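None of these values were measured; they are calculated from a predicted model.
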Amino acid sequence: MYEAIASVYDQWMKHMDYAVIHGRLLELLGGDPRDRRVLDVCTGTGTIPIELARAGALVIGLDQAAGMIEIAEKKIRQADVGDRVSIRRCNVVGDDDWPEGPFDLILCVGDSVNYFDADELQRFVDRSSRALSAAGTLYFDVNSAHKLCEVFGNSVYAEELDDCSYIWLNRLAGDRATIDFDITIFKQESELPDCWTRHTEHHTQY
């Protein structure tokens, strides 16, 4: 997942109020993030780690999608914060080792925990507990059951962006415990503007 989406992810997330999230994270770090250690799980394209690094924090980002990591690393170089941010490829709920703690803050935002089943969620919480400092904080958000079942439900979304278009098909399971997203993306090729490529991804949230 998130390989085809990686190149359009930042466009999709323009609605995300990163300033509010950043402000909340600074509060959790006592208002002074300088040299505080932060672990960003499912870091995506690195937007949050970059802003925390600019504020003085030391951040490690974890993600499984190579496409996301490639974009995050490019953004980190452009922001010139490579001395305070590093990105690692990691299956955060698999057998891959997490970086050694302790961390003052562990975060996982953008509804990433909705991709964890019950056992994976337990593993994520257990790993976070072991990696946090004594006064550390675990911060995450979720898509609510109401949003997934009543807002998304069985529906289809489509949108045309600057250099891509997508069709997003939602299918709610009969027991309403999971929802499947079948996403088809049409991306315009930069070197061949009349050429569009089709990519598909399947996602499941709990």
Side-chain angles (χ1 to χ4, degrees), residues 1-3 5-6 9 13 16 18 21-30 32-53 55-73 75-76 81-145 147-148 177-181 201-206:
M1 295 184 296
Y2 283 98
E3 293 296 348
I5 289 176
Y9 183 79
M13 298 301 286
M16 193 85 156
Y18 284 111
I21 295 173
H22 182 66
R24 178 58 178 147
L25 296 179
L26 294 184
E27 290 178 5
L28 295 174
L29 290 170
D32 184 4
R34 287 175 295 179
D35 297 327
R36 304 292 294 276
R37 298 192 71 214
V38 178
L39 181 66
D40 184 17
V41 179
C42 302
T43 194
T45 59
T47 300
I48 291 176
I50 288 171
E51 290 306 309
L52 287 173
L58 301 170
V59 191
I60 298 176
L62 304 179
D63 208 285
Q64 189 173 357
M68 295 290 236
I69 292 173
E70 182 179 355
I71 293 172
E73 290 177 337
K75 289 167 63 175
I76 289 167
V81 290
D83 59 330
R84 307 194 74 80
V85 184
S86 63
I87 305 293
R88 304 184 187 182
R89 190 173 187 186
C90 176
N91 182 343
V92 298
V93 291
D95 295 328
D96 295 347
D97 290 331
W98 277 24
E100 186 175 352
F103 293 97
D104 301 295
L105 173 65
I106 297 176
L107 62 127
C108 185
V109 299
D111 61 60
S112 296
V113 297
N114 285 99
Y115 286 94
F116 304 157
D117 65 24
D119 290 339
E120 291 169 337
L121 180 60
Q122 185 65 60
R123 177 176 289 195
F124 165 69
V125 173
D126 289 345
R127 283 184 166 186
S128 298
S129 179
R130 293 193 299 269
L132 281 169
S133 63
T137 301
L138 172 62
Y139 177 88
F140 61 89
D141 60 21
V142 296
N143 271 333
S144 66
K147 180 179 180 180
L148 294 178
T178 62
I179 185 169
D180 291 326
F181 305 143
E201 287 193 2
H202 177 82
H203 296 227
T204 298
Q205 286 200 1
Y206 295 84

Tell me whether R37 contacts the main-chain N or O of P102 through its side chain, where contact means a donor paired with an acceptor under 3.5 Å.
yes
For R89 against Q64, the heavy-atom pair lying closest together:
NE-O, 2.8 Å
pair I179-T204: side-chain heavy atoms closer than 4.5 Å:
no
Does some side-chain heavy atom of R88 sit less than 4.5 Å from a side-chain heavy atom of P99?
yes
dist Y206:OH -> D117:CG (nearest 0.5 Å) comes out at 4.5 Å
Search all heavy atoms of M13 against all heavy atoms of Y18 and return the closest pair with its distance.
CB-OH, 3.7 Å
Side-chain H-bond candidate by donor/acceptor type, Q205 with H203, under 3.5 Å:
no
Just how far is it from atom CD of E70 to atom CD1 of I87, taken to the nearest 0.5 Å?
13.0 Å
Have a look at V38 and tell me which of D104, V85, L107, L25 forms a side chain to side chain contact (heavy atoms under 4.5 Å, CB included) with it.
L107
Any side-chain heavy-atom pair of F103 and L39 under 4.5 Å:
yes
Looking only at atom types and distance, does a side-chain atom of W98 sit under 3.5 Å from a main-chain N or O of V92, one as donor and one as acceptor?
yes
For the pair R36 (side chain) and A57 (backbone), establish whether a donor and an acceptor sit closer than 3.5 Å, ignoring hydrogens and angles.
no
Test item: R84 side-chain N/O and L58 main-chain N/O as donor-acceptor pair under 3.5 Å
no
Under 3.5 Å, side chain of K75 to main-chain N/O of I50, donor-acceptor pair present?
no
Heavy-atom check, side chain of I106 versus side chain of V41, under 4.5 Å:
yes
Basic-acidic side-chain contact under 4.0 Å: E27, R24:
yes
In short, G46 meets P49 closest at the heavy-atom pair O-CD, 3.3 Å
Review item, side-chain donor-acceptor pairs of residues 135-142, under 3.5 Å, at least two apart:
from : atom 1 : to   : atom 2 : distance (Å)
D141 : OD1    : G110 : N      : 3.1
D141 : OD1    : D111 : N      : 2.8
D141 : OD2    : G110 : N      : 3.1

Measure the spacing between CG of D96 and CG of L62 and express it to the nearest 0.5 Å.
9.5 Å
Provide the closest heavy-atom pair for A53 versus V59 in the form atom of the first, atom of the second, distance.
N-CG2, 4.2 Å
Those residues that, when tested against F124, pass ring pair (Phe, Tyr, Trp, His ring centres under 6.0 Å) (two or more places apart)
F116
May I ask you to say whether R123 pairs ionically with D95, meaning some side-chain N is under 4.0 Å from a carboxylate O?
yes
Shortest non-hydrogen contact from A6 to G67?
CB-C, 3.6 Å
Do F181 and H202 have ring centres separated by under 6.0 Å?
no
Taking every heavy atom of P33 against every heavy atom of A55, the minimum-distance pair comes out as CG-O, 3.2 Å
Roughly how far, to the nearest 0.5 Å, is the CG atom of L105 from the CG atom of L29?
5.0 Å
Can you check whether T43's main-chain N or O pairs, donor with acceptor, with D63's side chain at less than 3.5 Å?
yes
Does D119 offer a backbone N or O that forms a donor-acceptor pair with the side chain of Q122 under 3.5 Å?
no
Can you measure from CD1 (I48) to NE2 (H22) and round to the nearest 0.5 angstrom?
10.0 Å
